[in-house]
Amino acid sequence: MNRWSLPLSVLLALPFGTFGALAAVWLRGFTNDVYFQIGLVTLLGLAAKNAILIVEYAVLKKHEGYTTSAAAIEAARLRFRPILMTSLAFILGVLPLAISTGAGAGARHSAGTGVMGGMLAATFLAIFFIRGSTR
């Protein structure tokens, strides 16, 4: 059974990451350069993966007999820790980019700051939005 609401739930989670990345770059006074845009592609891939994990798990719980709202809440509860661990590993992995020094540091600052800000927003805002939109 194909439902348009499932891919829509995943797609609607992506603006949170984009907003967080743009806000972080703007707050630090950087520009929207090609390095930032490459980081944005990476960020949106991980944000979409996190959304897919929650949505697919909610569908599985729905097929197990849970009500729609109970399946969404259970999926968000059970997948929160793995998503949080993946996101924090990603954020801490790009931290050296955001605080780097030396030759070429400007490019690394832009990419690292955008990815960090976007992943923070995608993780902590989109989790609750996705859970609510799968109801």
Side-chain angles (χ1 to χ4, degrees):
M1 174 167 102
N2 286 333
R3 292 186 49 197
W4 285 96
S5 63
L6 297 179
L8 191 61
S9 295
V10 173
L11 289 175
L12 288 176
L14 299 182
F16 292 110
T18 305
F19 170 74
L22 290 171
V25 167
W26 178 74
L27 287 172
R28 287 199 64 194
F30 298 134
T31 60
N32 181 356
D33 60 2
V34 69
Y35 301 107
F36 166 75
Q37 292 172 2
I38 291 170
L40 193 62
V41 171
T42 306
L43 163 71
L44 293 178
L46 188 57
K49 181 196 78 75
N50 289 345
I52 290 169
L53 281 174
I54 293 174
V55 169
E56 286 298 320
Y57 205 78
V59 169
L60 178 70
K61 288 297 180 184
K62 177 77 174 154
H63 288 294
E64 289 179 6
Y66 283 70
T67 65
T68 304
S69 60
I73 291 170
E74 184 70 6
R77 186 183 70 76
L78 291 175
R79 302 310 304 165
F80 182 70
R81 187 171 37 149
I83 288 171
L84 190 63
M85 288 172 29
T86 302
S87 298
L88 287 178
F90 186 68
I91 290 165
L92 293 174
V94 298
L95 180 63
L97 291 175
I99 61 172
S100 65
T101 60
R108 291 190 297 267
H109 285 166
S110 181
T113 300
V115 170
M116 278 183 66
M119 202 64 236
L120 284 168
T123 301
F124 295 109
L125 295 175
I127 292 262
F128 301 106
F129 177 78
I130 295 165
R131 185 196 67 142
S133 66
T134 56
R135 287 184 177 193

By side-chain contact (heavy atoms from CB on, under 4.5 Å), which residues pair with Leu60, not counting sequence neighbours? Tyr57, Glu64

Just to verify, what does Ala24 make a side-chain contact (heavy atoms from CB on, under 4.5 Å) with, not counting sequence neighbours? Thr113

Qualifying side chain to side chain donor-acceptor pair (under 3.5 Å) pairs with a residue from residues 13-26, counting only residues at least two apart or across chains: none

Of all pairs that satisfy side chain to side chain donor-acceptor pair (under 3.5 Å), the ones with a partner from residues 92-105, not counting sequence neighbours: Ser100-Arg108

Here the gap from Ser110 atom OG to Asn32 atom CG, rounded to the nearest 0.5 Å, amounts to 7.5 Å

Just verifying a value: how many Å separate Phe16 CZ and Leu43 CG, rounded to the nearest 0.5 Å? 13.0 Å

Looking at every heavy atom in both [X] and [Y], which two are closest together, and how far apart are they?
X: Thr68; Y: Lys62; answer: OG1-NZ, 3.0 Å
X: Ala58; Y: Ala75; answer: N-CB, 3.4 Å
X: Gly17; Y: Ala122; answer: CA-CB, 3.9 Å
X: Ala71; Y: Lys61; answer: CB-CB, 3.8 Å

The single option from Val10, Leu12, Leu11 passing side-chain contact (heavy atoms from CB on, under 4.5 Å) against Leu14: Leu11

Would you say [Y] ends up clustered with [X] if hydrophobic residues are merged whenever their side chains have heavy atoms under 4.5 Å apart, either directly or through other cluster members?
X: Val115; Y: Leu22; value: yes
X: Met119; Y: Leu95; value: yes
X: Val25; Y: Ile38; value: no
X: Tyr66; Y: Val55; value: no
X: Leu97; Y: Tyr35; value: no

Can you give me every donor-acceptor pair (side chain of residues 83-93, partner residue at least two apart or in another chain, under 3.5 Å) with its distance?
unit_1, atom_1, unit_2, atom_2, d
Thr86, OG1, Pro82, O, 2.9
Ser87, OG, Asn50, ND2, 3.2
Ser87, OG, Ile83, O, 2.9
Ser87, OG, Thr123, OG1, 3.0

Results of ring-ring contact (aromatic ring centres under 6.0 Å, His included) for Phe30 - residues two or more places apart only: His109

